[in-house]
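What follows is one structure encoded as structure tokens, with my remarks underneath.
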Protein chains: 2
Amino acid sequence: MRNVTIKEVAQAASVSTATISRVLNKSGYVSEDVRQRVLETVRQLNYRPNAVARNLKRDRTHCVGLILPDMRNPYFMRLAREIQALLSVRNYHILYTDSGADASRERIAINFMLENRIEALVIAGVGENADKLREVQERGIPLILIDRRVEDVHTDIIIDDNKGAAERAVKLLIDKGHRKIGILCGPEGISTADERREGVLNALVRAGLNYADMFWYSGDFSRSSGREAARQMTRLLEPPTAVFSTNNEMTFGLYLGLKELGQPLDFWEVASYGELEFAPLFANRLAYVKQNPEAIGRTAAELVLERIGGSDREEQCSEQIMLTPDIVCM
Amino acid sequence: MRNVTIKEVAQAASVSTATISRVLNKSGYVSEDVRQRVLETVRQLNYRPNAVARNLKRDRTHCVGLILPDMRNPYFMRLAREIQALLSVRNYHILYTDSGADASRERIAINFMLENRIEALVIAGVGENADKLREVQERGIPLILIDRRVEDVHTDIIIDDNKGAAERAVKLLIDKGHRKIGILCGPEGISTADERREGVLNALVRAGLNYADMFWYSGDFSRSSGREAARQMTRLLEPPTAVFSTNNEMTFGLYLGLKELGQPLDFWEVASYGELEFAPLFANRLAYVKQNPEAIGRTAAELVLERIGGSDREEQCSEQIMLTPDIVCM
DNA sequence: TTGTAAGCGTTATCAT
DNA sequence: ATGATAACGCTTACAA
């Protein structure tokens, strides 16, 4: 069954396409009986307007792009869900891509979205596509960074106080008396990783501890790198007595690693940046930085609507919205 | 910076729009020097073709719709990620909606997708929109059901052998000697819930056990209903000695409930339909039906491509692909 | 090898 | 209150 066009509806209802359009968009005047007749014909022919044509004509798509590094991470999905929920109320829809934390896939996704004339882009970027992101801006598309900064891109951003929170988390370990701490870092270049590392350093310095006394593990925010860290740290002659993991997936991996190694899960005092959903089930000796992905999502959605629908003053100031997460001890 | 149109590029390169189009699409003949000149101009003007216009003209959007009931459930997200990965290789993109297991939101999403002329729809439906789904089919859009059936909709479907797997899981509990089992059911009307319930009944009948001797809890596949089940079951004068939970979220909730009630996590022998990512960390007395969302995603993606690109024989047979999950004991 | 122009399905302006 | 009709930005016969 081919799709019916507005022209065919017009013919069937013996009115002009303009009238059909007016009825369907509730724009302009149309007499009640004609309106009824049109509506009836629309129903009979099961007419469904072609949004592609409408988008071309109106030069708006009601689509917002969303690019995230991993849709299996509940943190990002809670965030995504919140955005979607809020935008859908205003009849905006999401073109969603999982970049897999891969710069080239991210580029492809941005290009696709550009060609499809998304009206705004929300992205937790891998950090290497500053040029593309600037292009987005130059084309007048509101760009909203979430979770991570991108060097040389200046725009709205919604982000944790990564440094501060990491510092507090590590301080907590130090206050409990730990002097040798395993630090599981994320990939350099990702702003969250860098800032959290800075926070760690701050905490050490303030406590008069030595950088070199810690065990530094450089991971990639993945589960498997957390696992690997566990393996390495248990093998040390003098293993750390506590661990600070800079993201939730690595923390998860750390526990998986301990389990595989036959060690008890409370082998270390652990502090984690980011929550583990299942932590309440078993954890003791665990503290975590409680992020609020829903808040980020909500703020992002509001900002999108503001920027899209907003006034036409060309230069709006870009906002940096910083969230201060709590630290939760189990 | 307004978007440049093909016309402007043509002017700047002093050729016709047709030539630009030919260069960019590598279609038809164009001399090498003109080609170079065009490419250069395209670069200089930073021209980016308008996919909306192209889609209208070509009558294809390269978009596939995906509707899932909950993007926070890792099961669905693993599935979604796999679909996306495979489709993106063939330059297809995903229009993704979280229906929140809500029929009316699902309707809205389907309508939106219909208007936006998606080329195929993959959906784990709530079950109440058979009419809409049939409309999708009638419009010639390949429809692929995953995970759940929808009554009166006949099309490709990729699905677990829910009944068989549930039966085996319950048999396992019975074989271990359990005679009073708590059964955590999902919402009636959702095919997975219904089929798993059937599987349970089969297992009971085959073992000569009495329906009425079990504790039946009717939940909604959510974490909180699992929690509530734990509360009710521990309050019984004669609590069950084992539990079969018909989905992963309820199993999670069950454990959360136990924890809140101050009970040990191995209070019950548990069998769960669907995996808990963190189960390896603590679980004993847990068996689970190991689903394979990646396989479902992969199969769905392949089917989409086959249906879209496939030959034009109008009537292709619809396939029912049934996966047989293993049961894993921890 | 290149250009002209019709048309994709809408919306919106201008007549009437 | 309604109808013609010119766009929107592209692709693709068809001409040249």
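Here is the naming used below: chain letters follow the sequence lines, and residue numbers restart at 1 for every chain. What you see below is based on every heavy atom in this structure, not just the backbone, and it leaves out hydrogens, waters and symmetry mates.
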Exercise. Among all residues two or more places apart in sequence or in another chain, which pass the ring pair (Phe, Tyr, Trp, His ring centres under 6.0 Å) test with A/Tyr47?
Worked result: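 A/Tyr47: no ring pair (Phe, Tyr, Trp, His ring centres under 6.0 Å) contacts found.
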Less than 4.0 angstrom from a charged side-chain N to a carboxylate O is my criterion; do [X] and [Y] meet it?
X	Y	answer
A/Arg148	A/Asp160	no
A/Arg139	A/Glu135	yes
B/Arg107	B/Glu128	no
A/Arg54	B/Glu115	yes
B/Arg35	B/Glu32	yes

Taking [atom1] from [X] and [atom2] from [N], how many angstroms apart are they, rounded to a whole number?
X	N	atom1	atom2	value
A/Lys7	D/dA4	NZ	C1'	13 Å
B/Asp59	D/dG9	CG	C1'	16 Å
A/Arg2	C/dC8	CZ	P	10 Å
B/Arg58	D/dA13	CZ	P	12 Å
A/Arg60	C/dA12	CZ	P	11 Å
A/Ile6	C/dC8	CD1	P	14 Å
A/Leu24	C/dA12	CG	C1'	15 Å
B/His62	D/dT11	NE2	P	12 Å

Problem set entry | Nucleotide nearest B/Thr19 when distance is taken to its side chain, options D/dC10, C/dT11, C/dT2 |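 Minimum distance to the B/Thr19 side chain belongs to C/dT2.
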Problem set entry | Closest listed nucleotide, where the reference is the side chain of A/Arg22 and the choices are C/dT11, D/dT2, D/dC10 |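 Among C/dT11, D/dT2, D/dC10, the one nearest the side chain of A/Arg22 is D/dT2.
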Exercise. Is the number of heavy atoms from other residues, nucleotides or ligands under 6.0 Å of A/Gln11 CD greater than 12?
Worked result: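 Atom CD in A/Gln11 is not packed in, count stays at 12 or less.
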Exercise. Does atom CD of B/Glu151 have more than 12 heavy-atom neighbours from other groups under 6.0 Å away?
Worked result: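 No, CD of B/Glu151 has 12 or fewer neighbouring heavy atoms, counting only those of other groups under 6.0 Å.
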For this session: Determine the sole option in A/Val9, A/Thr41, A/Asn50 for which the side chain to side chain contact (heavy atoms under 4.5 Å, CB included) test with A/Val4 is passed.
Result: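 Checked A/Val9, A/Thr41, A/Asn50 against A/Val4; only one passes side chain to side chain contact (heavy atoms under 4.5 Å, CB included): A/Val9.
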Exercise. Going by number, which of residues 26-56 of chain B have a non-hydrogen atom under 4.0 Å from DNA chain C?
Worked result: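 Heavy-atom contacts with DNA chain C come from B/Tyr29, B/Val30, B/Ser31, B/Val34, B/Leu56.
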Exercise. Can you check whether A/Thr5 has a side-chain N or O nearer than 4.0 Å to OP1 or OP2 of C/dG9?
Worked result: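 The answer is no; no side-chain N or O of A/Thr5 sits under 4.0 Å from OP1 or OP2.
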Exercise. Hey, is the side chain of B/Ser21 poking within less than 4.0 Å of OP1 or OP2 on D/dT11, counting only N and O atoms?
Worked result: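 For B/Ser21, the contact criterion (side-chain N or O under 4.0 Å from OP1 or OP2 of D/dT11) is met.
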For this session: Measure distances between side-chain N and O atoms of B/Arg117 and base N and O atoms of C/dG9, and say whether any donor-acceptor pair falls under 3.5 Å.
Result: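 A donor-acceptor contact between them is absent.
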For this session: Go through the N and O atoms of the side chain of A/Lys57 and the base of C/dT11, and report whether any donor-acceptor pair is under 3.5 Å.
Result: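 Yes.
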For this session: Nearest 0.5 Å please: distance from the OG atom of B/Ser88 over to the CG atom of B/Asn91.
Result: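 If we round to the nearest 0.5 Å, B/Ser88:OG and B/Asn91:CG are 8.0 Å apart.
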Exercise. Contact class for B/Asn25 vs. all strands (heavy atom < 4.0 Å): base, sugar-phosphate, or nothing?
Worked result: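 Here B/Asn25 touches the backbone only, sparing every base.
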For this session: Return the angle between end axes of the helix from C/dT1-D/dA16 to C/dT16-D/dA1, with five pairs used per end and rounding to 10°.
Result: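 Answer rounded to 10°: the end axes differ by 40°.
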